[in-house]
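Note sheet for the following structure.
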Number of protein chains: 4
Amino acid sequence: MAARTRRPMRREPSQERSRAMVRRILDAGYEVLLAHGYDRASTGRIAAAAGISPGSLYQYFPDKHVLLGEVVDRCADRLRARISRAFVANLAGGSLPDAVRGNVLALITAFEENAGLLRVLYEQLPPNADTRRADFKHRIDELATTALLGYLPGGARADAVAWVLVRTVENLAISYVLDPPEVDREDAVEEITALLTGYLATRLDPERR
Amino acid sequence: MAARTRRPMRREPSQERSRAMVRRILDAGYEVLLAHGYDRASTGRIAAAAGISPGSLYQYFPDKHVLLGEVVDRCADRLRARISRAFVANLAGGSLPDAVRGNVLALITAFEENAGLLRVLYEQLPPNADTRRADFKHRIDELATTALLGYLPGGARADAVAWVLVRTVENLAISYVLDPPEVDREDAVEEITALLTGYLATRLDPERR
Amino acid sequence: MAARTRRPMRREPSQERSRAMVRRILDAGYEVLLAHGYDRASTGRIAAAAGISPGSLYQYFPDKHVLLGEVVDRCADRLRARISRAFVANLAGGSLPDAVRGNVLALITAFEENAGLLRVLYEQLPPNADTRRADFKHRIDELATTALLGYLPGGARADAVAWVLVRTVENLAISYVLDPPEVDREDAVEEITALLTGYLATRLDPERR
Amino acid sequence: MAARTRRPMRREPSQERSRAMVRRILDAGYEVLLAHGYDRASTGRIAAAAGISPGSLYQYFPDKHVLLGEVVDRCADRLRARISRAFVANLAGGSLPDAVRGNVLALITAFEENAGLLRVLYEQLPPNADTRRADFKHRIDELATTALLGYLPGGARADAVAWVLVRTVENLAISYVLDPPEVDREDAVEEITALLTGYLATRLDPERR
DNA sequence: AATGAATGAGGATTCATTCAT
DNA sequence: AATGAATGAATCCTCATTCAT
């Protein structure tokens, strides 16, 4: 299977192998995280899931928390990428309500497709990794804030407005997915859209206020 | 094997005593939870905090998770009571914006005064107690929904509207407290109020729609 | 086997039991120390030797090093007691050479009878317990110094003289026991005696110098 | 199974290279031993210090203990050489007390300049290397014994006398360096000299006895 | 009812050693 | 000869739970 290099590897495929191993471990960590939850994600289980020996983990990560931290980072990055794509696909919409509806729908869908991951990120606490989750949130924030600031007038409260909008969409979408109400999906989307549209209309056209 | 108690228990109001003990243990659990976080909340520490022996915990709770579950329940109940009072105090407000602003402010304040508790409830996961947090949320929901349904016309989507409103206020208030944005408190309150008022206006007076 | 106390132990025999357990653990630690050496003295082995479970060690000692520290202390104390008795038995001797010879012999004998223990104390390093061994030495020092200062005039160098004497006897005795030379025991004792007697004679009677 | 080396090894002076490598490893071992102490002297750290891979150690040493054993041997040899030079420089002295004083001083100085090494040899136990330290001692013994036997009459107890003298000087010097008493250096040297001179005088001139 | 000592499985981490390349 | 990744046993310690008293 391996290349039959006669010379002692001048092009260091070890770099490659190492990265593959890290990937494998992170995948295993992710798997264990979803399957057992944060506190049951022991080094033993992760090693087993990665098909390696427990000691080998420490060749690639200094300790368990760093490892799990990177797992969570990867989760977050994936989710962010997914969301990013969703937003981009809906920015070009026509009327304001349509654009908003599209984005809300896209966000909910993105979350629904990653419910397990969302649950880990939002319900399984990395004990002292408040930071990490905050980081994740802030990264989504940035993304959405950037997208929204285009629509807003540069008024003094632009930050506050962006914060309200971003937190509202995100929280509602997450609430809808992680803690589903007994409400039709379409109705939910429609109401969220109305909520945001009304607010946005006010903020986009200050005179109406 | 049976207990070798000589005296037939003097008619002590054991029912009473038992309840007092449960209270004491739950208080200890709460204390430990706040002081050490969920995973460091060991039975030993809780027993010590309650001034009893670890074995005695099992006289009152079948295992650690049930115990901590009830602790979390009590936290939630306390918080709910606190919020309930806040709402009640602000329902009688005059104009719609004033009433909304009052409630938003009350909610944020209530959360701020219980930030530690909130952090435990929202950032420290009871490992498989997804249920529990959902329960907590739902109970707050009920409360607020009840309060809000009074304002809403009995249209088909009343539930959806209530859900949106409740989730929005609560999530925004929690976000503001647990993950404070760089936004003035007054600005935040004002924007949240605007968001909700605009939406409520639409929903309260269907004709405008 | 156990006492059939009907009342919940007003005279706390637990105190007693606890002390017995500590003794048992320390004995086990000593045993393991002699049998396997310091670095192989693992908590597991000690627990096994004590016939208890590893976790139980921590009911009585905060960690392994404290436990082993106390084991070493006990060794040292035993040895010191042994030596103390030996000295006392020989202090009443008649002529100076006889008294010295008696003490040298007593010390060597005491060490010979505790060679294993001596080996642990002098050849098995408690990694950071330099302190501990120094303590042990100093305690023997005190003992011997006290004994010797009686013979010395209160000259300025009394300390130096006592130090030389004590270190010399002790080190020679230990060297003889731990690292036996190819020299007759009697000859060794005789030479050590001569060494010390000559020096003492000089120091006890300054005029001769 | 056999090594698949294509070229017949170019006639490299492998013998030479091998010896150089062994030296490098032993130096690394010494360095690690001084820096981290015996139990922290892991193969990994030694390999790192030698700038080679852990696996390569096993090309030159069958296992860790042999490696460290040789490290200790080298330490001892170096120390012995140092001491040897010190003795030689002081043997030509005039009067007996002067010669003795010179040697005592030289020994203490030599030990002081190698206190770290001394500490490893005397306080850090090679777990079962009782042997090794004894070896070291015996080699110093030989040296000093040889030097001293010149002064001694060939009586039956020459060995015992030499043993007493050597052990006494060495132990006192080591005690002084590793476990410094609260005694002036000069006083200490003077007393040690007196101790030895008195004894030597007796033994060198049997008639006085 | 209460105790609290005892348990023992489980967890994170280290490290001497091996082996495919 | 050299590498260094992989191993896996061993180590220390924690903690939920039980049980004799």
Side-chain angles (χ1 to χ4, degrees), chain A residues 1-9 13-14 17-18 21 39-47 52-60 62-65 67, chain B residues 1 3-5 9 12 14 17-18 21 39-47 52-60 62-65 67, chain C residues 1-9 13-14 17-18 21 39-47 52-65 67, chain D residues 3-5 9 12 14 17-18 21 39-47 52-60 62-65 67:
Chain A
M1 266 198 195
R4 215 28 103 90
T5 55
R6 268 184 302 163
R7 290 166 309 175
M9 311 180 187
S14 67
R17 262 180 57 84
S18 175
M21 193 69 199
D39 352 351
R40 290 305 188 197
S42 64
T43 52
R45 271 189 265 267
I46 295 171
I52 62 176
S53 99
S56 294
L57 293 182
Y58 292 83
Q59 197 96 42
Y60 301 94
D63 69 27
K64 186 200 169 194
H65 292 299
L67 162 47
Chain B
M1 281 255 170
R4 214 36 102 90
T5 54
M9 216 187 286
E12 306 172 30
S14 66
R17 263 180 50 84
S18 174
M21 197 64 197
D39 356 349
R40 292 304 190 197
S42 61
T43 52
R45 272 187 265 266
I46 294 170
I52 62 174
S53 95
S56 294
L57 293 181
Y58 291 81
Q59 201 83 39
Y60 302 96
D63 69 27
K64 185 201 171 194
H65 293 299
L67 161 46
Chain C
M1 262 190 202
R4 215 28 103 91
T5 54
R6 267 186 302 162
R7 288 167 309 174
M9 313 179 185
S14 67
R17 264 180 55 84
S18 175
M21 193 69 200
D39 352 352
R40 292 304 189 198
S42 65
T43 52
R45 271 188 267 267
I46 294 171
I52 62 175
S53 97
S56 294
L57 293 182
Y58 294 84
Q59 197 96 44
Y60 302 94
F61 300 92
D63 68 27
K64 185 201 169 193
H65 293 298
L67 162 47
Chain D
R4 209 42 96 91
T5 54
M9 215 186 286
E12 306 173 28
S14 65
R17 264 181 51 83
S18 175
M21 197 64 198
D39 358 349
R40 291 305 189 197
S42 62
T43 53
R45 272 189 266 266
I46 294 170
I52 63 173
S53 95
S56 294
L57 293 181
Y58 292 81
Q59 200 83 40
Y60 301 95
D63 70 26
K64 185 199 171 194
H65 293 299
L67 162 47

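Every value quoted in this text rests on a predicted model; they were computed, and no experiment measured them. A note on names: the letters A, B, ... follow the listed sequences, proteins ahead of strands, and every chain is numbered from 1.
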Grab the two heavy atoms, one from [X] and one from [Y], that are nearest each other, plus how far apart they are.
X     : Y     : result
D/R40 : D/R45 : O-NE, 2.7 Å
B/T43 : B/Y58 : CG2-OH, 3.8 Å
C/A47 : C/S53 : CB-C, 3.9 Å

Has [X] got a side-chain N or O lying under 4.0 Å from the OP1 or OP2 atom of [N]?
X     : N      : result
A/R17 : F/dT3  : no
D/R45 : E/dT14 : no
C/S42 : F/dA10 : no
D/R40 : E/dC15 : yes

What integer distance in Å separates [X]:[atom1] from [N]:[atom2]?
X     : N      : atom1 : atom2 : answer
C/Y58 : E/dA6  : OH    : C1'   : 15 Å
D/D39 : F/dT11 : CG    : P     : 14 Å
C/D63 : F/dC12 : CG    : C1'   : 9 Å
D/K64 : F/dA10 : NZ    : C1'   : 13 Å
C/L57 : F/dT14 : CG    : P     : 12 Å
C/L67 : F/dT11 : CG    : P     : 15 Å

| request: Find the distance between CD (C/Q59) and OG (C/S18) and round it off to the nearest 0.5 Å. | output: 8.5 Å

| said: With rounding to the nearest 0.5 angstrom, report the CD1 to CZ distance, C/I46 to C/F61. | reply: 9.5 Å

| task | Specify the residue among A/S53 and C/P62 whose closest nucleotide of DNA chain F lies further upstream toward the 5′ end. | result | A/S53

| remark: Between D/I52 and B/P54, the residue closer to the 5' end of DNA chain F by nearest nucleotide is D/I52

| Watson-Crick or G-U wobble partner of E/dT21, both distances under 3.5 Å | F/dA2

| Does E/dA12 have a Watson-Crick or wobble partner in any strand here, with both distances under 3.5 angstrom, and which is it? | F/dT11

| message | Under 4.0 Å, counting only non-hydrogen atoms across every strand here, what does B/Y60 touch: a base, just sugar-phosphate, or nothing? | response | sugar-phosphate

| remark: Of B/Q59 and A/T43, the one whose nearest nucleotide on DNA chain E sits closer to the 5' end is B/Q59

